[in-house]
Amino acid sequence: MMECSWKAVLLLAFASLGIQYTAIKSLRTVFKGSCHEIPCLQRETKDNTTRFVCEDPSNLHAPLQQQSRKHIIIFATTRSGSSFLGQLFNQNPDIFYLFEPLYHVQQAFTNSSGRIQKQIDRRSLLGAYRDLLRNLYDCDFYFLENYIKPAPKDHKTTSFFRRGASNALCSPPLCEQLQIIDEYLCSTKCRTVNLTLASKSCHTYKHMAIKTVRIPEINDIRTLAEDPRLNLKIIHLVRDPRGILASRISTFIDQYRAWKIWNSTGRKPHTIDLSQITSICTDLSNSVNSGFSKPSWLKGKYMLVRYEDIAKDPVKKAKEMYHFAGLEWKADVHRWIVQNTNGSVAPFGNFKFTTCRNSAETAENWRLHLCYDIVRTLQDVCNMTLSQLGYQVVDSVLQLKNISHSLVEPRTFLPFI
Ligand SMILES: *[C@@H]1O[C@H](CO)[C@@H](O)[C@H](O)[C@H]1NC(C)=O
Ligand SMILES: *[C@@H]1O[C@H](CO)[C@@H](O)[C@H](O)[C@H]1NC(C)=O
Ligand SMILES: *[C@@H]1O[C@H](CO)[C@@H](O)[C@H](O)[C@H]1NC(C)=O
Ligand SMILES: *[C@@H]1O[C@H](CO)[C@@H](O)[C@H](O)[C@H]1NC(C)=O
Ligand SMILES: *[C@@H]1O[C@H](CO)[C@@H](O)[C@H](O)[C@H]1NC(C)=O
Ligand SMILES: *[C@@H]1O[C@H](CO)[C@@H](O)[C@H](O)[C@H]1NC(C)=O
Ligand SMILES: *[C@@H]1O[C@H](CO)[C@@H](O)[C@H](O)[C@H]1NC(C)=O
C-alpha cells in the first residue's frame with residue numbers, strides 16, 4: 001500500500017497541474033478579451049457593488065508612457081508665489097502647463113455684478129472644478145468650451161485666460177515659433193487658440209501641470225487623487241499669511257480698500273472684513289492637517305513647499321519638487337531660475353503678476369509694508385496656522401521691522417511618499 005502510493009500522488013499532482021494550466025489559460029483569454037491584458041483595478045462603488053476599472057482602450061498603444069505620465073497640480077492661494085512656482089514647470093519642454101484654467105469655470109458661475117450667485121452652492125462649483133481638471137489632464141479641451149465666454153466657434157477662441165502664461169500654448173503647432181516666449185508677445189502675436197490642436201499638442205508632451213488658486217482645501221481634490229487613471233502629484237504651496245495679506249492689499253485695491261486705510265492710518269475701520277484673513281488661515285490649516293495626517297489617498301502624491309524656502313534657494317527646492325514628482329531635471333529650468341531670481345530685471349514693465357524679482361529679498365518684504373496693528377490682529381486669528389508652518393510671531397514693532405532677523409524657522413517638510 002505504502003510503496004505504490006507515491007505514484008498515485010505524482011499522478012494526482014500532474015493531473016492537477018494540467019487542470020490549473022487550462023484554468024489559467026482560459027482566465028487569460030477572458031482578460032485579454034475584456035481588458036487587453038492591462039491590469040484592472042477592483043473598486044467599490046457608492047452603491048456597494050464591485051466594479052472593474054480598466055485602462056482607457058484609446059491609450060493602449062502607449063501603456064508605458066501612460067504609466068509614467070505625471071499629472072501635477074500646483075495647489076496654492078492668491079498672492080502666495082504660485083506664478084513663480086508655476087514657471088518651474090512651465091519652463092520644462094516636457095510639460096504642458098496651464099495657468100489657472102479654472103478661471104473660466106468661476107466666470108461662468110459669476111453673474112455680471114461680479115459676485116458668485118448665492119444659489120450656486122460651493123459644492124457644485126467644486127464639482128465643476130474637479131470635472132474640468134479631470135478632462136484637462138486627459139488633454140480634452142472641448143470640455144473647457146462649456147465655460148469660455150464668448151462661446152468658442154469651430155473650437156477656436158480668443159478668450160483663453162492667460163494663454164501667454166503657458167509656453168505650450170505659445171509654441172508650434174499652436175502658434176508660430178516666437179523669438180522669445182513672453183506673455184505679452186504671445187498674447188498679441190498668437191491670438192486665437194485652436195482647441196482641437198491644443199488637445200493634439202497636449203498628447204505629445206510627456207507630462208501635464210496645472211496651477212490653481214481657486215480650490216480652498218486639499219480635501220476638495222480627493223476624488224482626483226483617488227482616480228486610478230490619474231497619476232496626481234500635488235505640490236501644496238504655502239506662504240506666511242502676513243505676506244499673503246500684504247501682497248493682496250497692494251494688488252487688489254478695491255477688495256482690500258479697508259485694509260489699506262487701516263495700514264496707512266493705523267486705525268481699524270468699522271467696515272473691515274476679518275473673514276478675508278480667517279479664510280486664508282482656515283484653508284491653509286485644513287489642507288496642512290490633511291497632508292500631515294497622511295491619509296492613504298495622499299500617499300506618494302503630496303508635498304508641502306513654503307514659498308520662503310523656494311525664495312531662499314530656488315534651484316535646490318525645484319530639484320526636490322522634481323524628484324518628488326518623478327520628473328527628470330532640465331537645464332532649461334535651471335537657466336530660467338538663474339535668469340529670474342538674480343537682480344531686478346523685469347522684461348516687460350512692472351505689471352503686478354510678474355515673477356521676475358529678486359526672489360530671496362521679496363519673501364519677507366511684507367514686514368516693511370504692514371503696520372504692527374494689522375500684524376498683531378492677524379497673529380491672533382492665525383496663531384495655529386503660523387506655528388504649524390514655522391512662522392514666528394512678533395511682539396513689538398522693533399521685532400517686526402528688524403529684517404535681519406528672519407521670522408521663518410528652518411523646517412524640513414518631507415514629501416509623503
Ligand atoms: C453601503 O455600505 C455601507 C456600509 O457597509 C452602508 O452604510 C450603506 O448603507 C450601503 N449603501 C448601499 C446603497 O447599500
Ligand atoms: C445676479 O445674481 C443676483 C443674485 O442671485 C440676481 O438677483 C441678479 O438678478 C443677477 N444678475 C444678473 C445680471 O444675472
Ligand atoms: C484646428 O486644428 C485642426 C487640427 O489641426 C484642424 O483640422 C482644424 O481645421 C482647425 N480649425 C480651424 C477652425 O482652423
Ligand atoms: C547674480 O548676478 C551677478 C551679476 O550678473 C553675479 O555676479 C552673481 O554671481 C549672481 N548671483 C547669483 C546668486 O547667481
Ligand atoms: C502700509 O503703510 C506703510 C506706511 O505708510 C507703507 O510704506 C506701505 O507700503 C503700506 N502697505 C501697503 C500694503 O499698502
Ligand atoms: C498661540 O499659540 C501658542 C502655542 O501654539 C500659545 O502658547 C499661545 O497662547 C497662543 N496665543 C493666542 C493669543 O491664542
Ligand atoms: C535685529 O536682529 C538681529 C539678529 O537677531 C540682532 O542682532 C539685532 O540686535 C536686532 N536689532 C535691533 C535693533 O533690535
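Each ligand, and each atom within it, is numbered from 1 in the order the structure gives. Scope of the values below: all heavy atoms of this structure, side chains included, with no hydrogens, waters or symmetry mates. Throughout, residue positions are numbered sequentially from 1 according to the sequence presented.
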To the nearest 0.1 Å, how far is [atom] from its closest protein heavy atom, and which atom is that?
{"atom": "atom 2 (O) of ligand 5", "value": "Asn263 ND2, 2.4 Å"}
{"atom": "atom 14 (O) of ligand 5", "value": "Lys260 NZ, 3.2 Å"}
{"atom": "atom 5 (O) of ligand 3", "value": "Leu197 CD1, 3.2 Å"}
{"atom": "atom 9 (O) of ligand 5", "value": "His369 ND1, 3.1 Å"}
{"atom": "atom 13 (C) of ligand 3", "value": "Lys156 CD, 3.1 Å"}
{"atom": "atom 1 (C) of ligand 3", "value": "Asn194 ND2, 1.5 Å"}
{"atom": "atom 3 (C) of ligand 7", "value": "Asn402 ND2, 3.6 Å"}
{"atom": "atom 4 (C) of ligand 7", "value": "His405 CB, 4.0 Å"}

Q: May I ask you to list the atoms of ligand 5 that are less than 4.0 angstrom from any heavy atom of Ala246?
A: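 Per the distance check, 13 (C).
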
Q. Within a strict 4.5 Å, meaning less than it, do heavy atoms of the Met303 and Phe416 side chains meet?
A.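 No, too far: nothing below the 4.5 Å cut-off.
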
Q | Considering all heavy atoms, the nearest Arg411-Ser387 contact | A |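 Looking at all heavy atoms of both residues, the closest pair is NH2-O, 3.2 Å.
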
Q) So, for Lys330 and Pro93, which heavy atoms are closest and what is the spacing to 0.1 Å? A)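 For Lys330 and Pro93, the tightest heavy-atom pair comes out as CD-CD, 4.3 Å.
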
Q) Can you find a non-hydrogen atom of Cys371 under 4.0 Å from ligand 5? A) no

State whether a side-chain donor-acceptor pair under 3.5 Å links [X] with [Y].
{"X": "Glu217", "Y": "Ser287", "answer": "no"}
{"X": "Arg79", "Y": "Ser247", "answer": "yes"}
{"X": "Ser187", "Y": "Arg163", "answer": "no"}

Q) Looking at Phe324, is Lys233 sitting on its ring face, NZ or CZ under 6.0 Å from the six-membered ring centre and within 45 degrees of the normal? A)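 Geometry flag: set, cation within 6.0 Å and 45°.
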
Q: Please determine if Arg162 forms a cation-pi arrangement with Phe99, meaning its NZ or CZ atom is less than 6.0 Å from the six-membered ring centre and no more than 45° off the ring axis.
A: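 Yes, Arg162 and Phe99 form such a contact.
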
**Q.** Sub-3.5 Å N/O-N/O distance, Ser264 and ligand 5
**A.**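 No, there is no polar N/O contact under 3.5 Å.
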
Q | Check: Phe84 ring centroid to Trp336 ring centroid under 6.0 Å | A | yes

Q. Do Arg376 and Asp373 sit within salt-bridge range, that is, some charged N less than 4.0 Å from a carboxylate O?
A.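 Here Arg376 pairs with Asp373 in a salt bridge, since their nearest N and O are under 4.0 Å apart.
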
**Q.** Proximal atoms of ligand 3 relative to Lys200 (non-hydrogen, under 4.0 Å)
**A.** 4 (C)

(Q) Within the 4.0 Å heavy-atom shell around Ser404, which atoms of ligand 7 are there? (A) 1 (C), 2 (O), 3 (C)

(Q) Going by a strict under-4.0 Å cutoff (protein heavy atoms only), does atom 7 (O) of ligand 7 have a neighbour on the protein? (A)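 No, there is no protein heavy atom closer to it than 4.0 Å.
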
Q: Have a look at ligand 3 and work out which part of His155, if any, has a heavy atom under 4.0 Å from it: side chain, backbone, both or neither.
A: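 His155 to ligand 3: no contact under 4.0 Å from either part.
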
